[in-house]
Undergrad: 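Have a look at this one before I ask anything.
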Amino acid sequence: MQRSIEGDSSRVDVENNDIQSIKEVENVIKIFEPSLVIGTGGGKVLDITKFCAYKLNKPFLALPTVLSNDGISSPVSVVQTEHGVSSIGTNPPIGIIVDIDIIRKSPKSTILAGIGDLISNFSAIEDWNLASKHVGEKIDKFAEILSRNSVEGFMQYLIRNGSSLLDEHTLISLAEGLIQSGIAMSLAGSSRPCSGSEHLISHALDKLLNHAKPHGLQVGLATLFTHTLRKRDISDLTALYRRIDFPDTPEDLGIQMSTFMDAIRNAPATRKDRFTILNLVSDKEIKEAIKIAYGR
Ligand SMILES: [Zn+2]
């Protein structure tokens, strides 16, 4: 990490979302009292700057250099605190600037991760409806529609046009989908429209793995399983995953099946207040769904 100060401008370079980085960014904001905090970089950089801007009551502008998750526009920051990695509610950015030429040069794995996080909206919405039916959770209909449209629009575009990942319109459609997802979360006042059982499995994997895989890849992979648990047809999804080289089994993502099974069992405990399909299924149903989803 380094801090550079030129004239009356200020800039701090961070590589992590840890406590040290938070302090460094906070210090710079306190010294310079800027009218606007701008975060440019990947997910961790945007998480840190969004979080610090919120804490110090400053507006925040996001300039993502990768499209790896819906955090670019969400009212949530994932940061490391003394209690471990936490998702903390913040203000959403006042604006987002996406330069498609920069995104096109980003690693393919980051684009795939963004696609996985967007596709997981399908699973999250179903869990939200399930929670409404079983425990009376209130659904914000507009947020639900926005979340669903953001992924359906992208899927239709990618499937209908058979476009390449680096096609300009594919990337624009992905950016718009992720931004709309963030807006859906802002409207709902929680991550519910875009985070269900597939996200809980990903949170459990984060705890079990020494080096967790990218968030979007974990939730996209878990969506195949959670959709199968709900007896949904996943053939369109698996065909798409194969076409774009998205990992479609835990082993493809470098995760042992036994670890993935442990993550499924641990998932509900990662967020006890979030009712999902995992609250309703037996061990036997889990094993059967694993076989169908991942061919094991
Ligand atoms: Zn996510």
Side-chain angles (χ1 to χ4, degrees), residues 17 42-48 50-51 62 64 66-80 84-90 92-93 96 98 106 109-128 131 143-144 146-152 154-155 174-207 209 212-227 237 241 246-247 253 255 260 263-264 267-268 270-271 273-274 276-278:
N17 58 348
K44 285 179 180 167
V45 172
L46 297 190
D47 275 331
I48 286 258
K50 196 192 324 177
F51 177 70
V66 294
L67 290 177
S68 56
N69 61 59
D70 53 27
I72 55 176
S73 61
S74 72
V76 177
S77 285
V78 179
V79 292
Q80 290 179 30
V85 177
S86 302
S87 297
I88 299 173
T90 60
I96 303 145
V98 181
S106 64
S109 60
T110 61
I111 295 171
L112 288 178
I115 292 173
D117 206 21
L118 187 56
I119 284 176
S120 75
N121 287 14
F122 281 133
S123 172
I125 293 165
E126 295 231 25
D127 278 328
W128 201 7
E144 182 197 344
L146 200 55
S147 172
R148 179 178 289 114
N149 284 354
S150 68
V151 59
E152 280 184 350
F154 176 74
M155 288 286 282
L174 176 61
E176 288 177 350
L178 292 173
I179 290 168
Q180 284 175 40
S181 297
I183 295 169
M185 289 188 265
S186 291
L187 284 173
S190 84
S191 59
R192 218 5 159 163
C194 307
S195 169
S197 47
E198 73 301 322
H199 271 66
L200 300 187
I201 294 170
S202 177
H203 295 329
L205 283 170
D206 290 344
K207 289 194 167 84
L209 297 169
K213 309 299 176 188
H215 170 81
L217 298 184
Q218 290 186 169
V219 298
L221 174 69
T223 293
L224 293 180
F225 164 70
T226 56
H227 248 28
L237 274 186
Y241 281 22
F246 192 100
L253 191 52
I255 300 169
F260 196 79
I264 292 169
T270 62
R271 187 154 186 185
D273 61 339
R274 185 143 292 185
T276 72
I277 184 73
L278 297 174

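The shown structure was predicted, so the numbers you read here are calculated from the model rather than taken from an experiment. Just follow the structure's listing: the first ligand is 1, and inside any ligand the first atom is 1. Here, residue 1 is the first one in the sequence, and each next residue gets the next number.
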Undergrad: Do Asp206 and Gln218 have side chains that approach each other closer than 4.5 Å (heavy atoms only, starting at C-beta)?
TA: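 Result yes, sub-4.5 Å side-chain heavy-atom pair found.
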Undergrad: Is any side-chain heavy atom of Ile201 less than 4.5 Å from a side-chain heavy atom of Phe260?
TA: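 Yes. Closest side-chain heavy atoms under 4.5 Å.
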Undergrad: Will you find, in the side chains of His199 and Asp117, an N or O donor that is under 3.5 Å from an N or O acceptor?
TA: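 Looking only at side-chain atoms, Asp117 and His199 do form a donor-acceptor pair, the distance falling under 3.5 Å.
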Undergrad: Looking only at N, O or S atoms, which one in His199 sits nearest to the Zn ion (ligand 1)?
TA: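 It is NE2 of His199.
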Undergrad: Tell me, please, if Asp70 has any N/O/S atom, main chain or side chain, under 2.8 Å from the Zn ion (ligand 1)?
TA: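 Checking the Zn ion (ligand 1) against Asp70, no N, O or S atom falls under 2.8 Å.
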Undergrad: With carbon and hydrogen excluded and only N/O/S kept, which atom of Asp117 is nearest the Zn ion (ligand 1)?
TA: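 The atom in question is OD1.
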Undergrad: Hey, does Pro268 have a side-chain heavy atom less than 4.5 Å from the side chain of Thr276?
TA: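 Contact flag for Thr276/Pro268 side chains = no.
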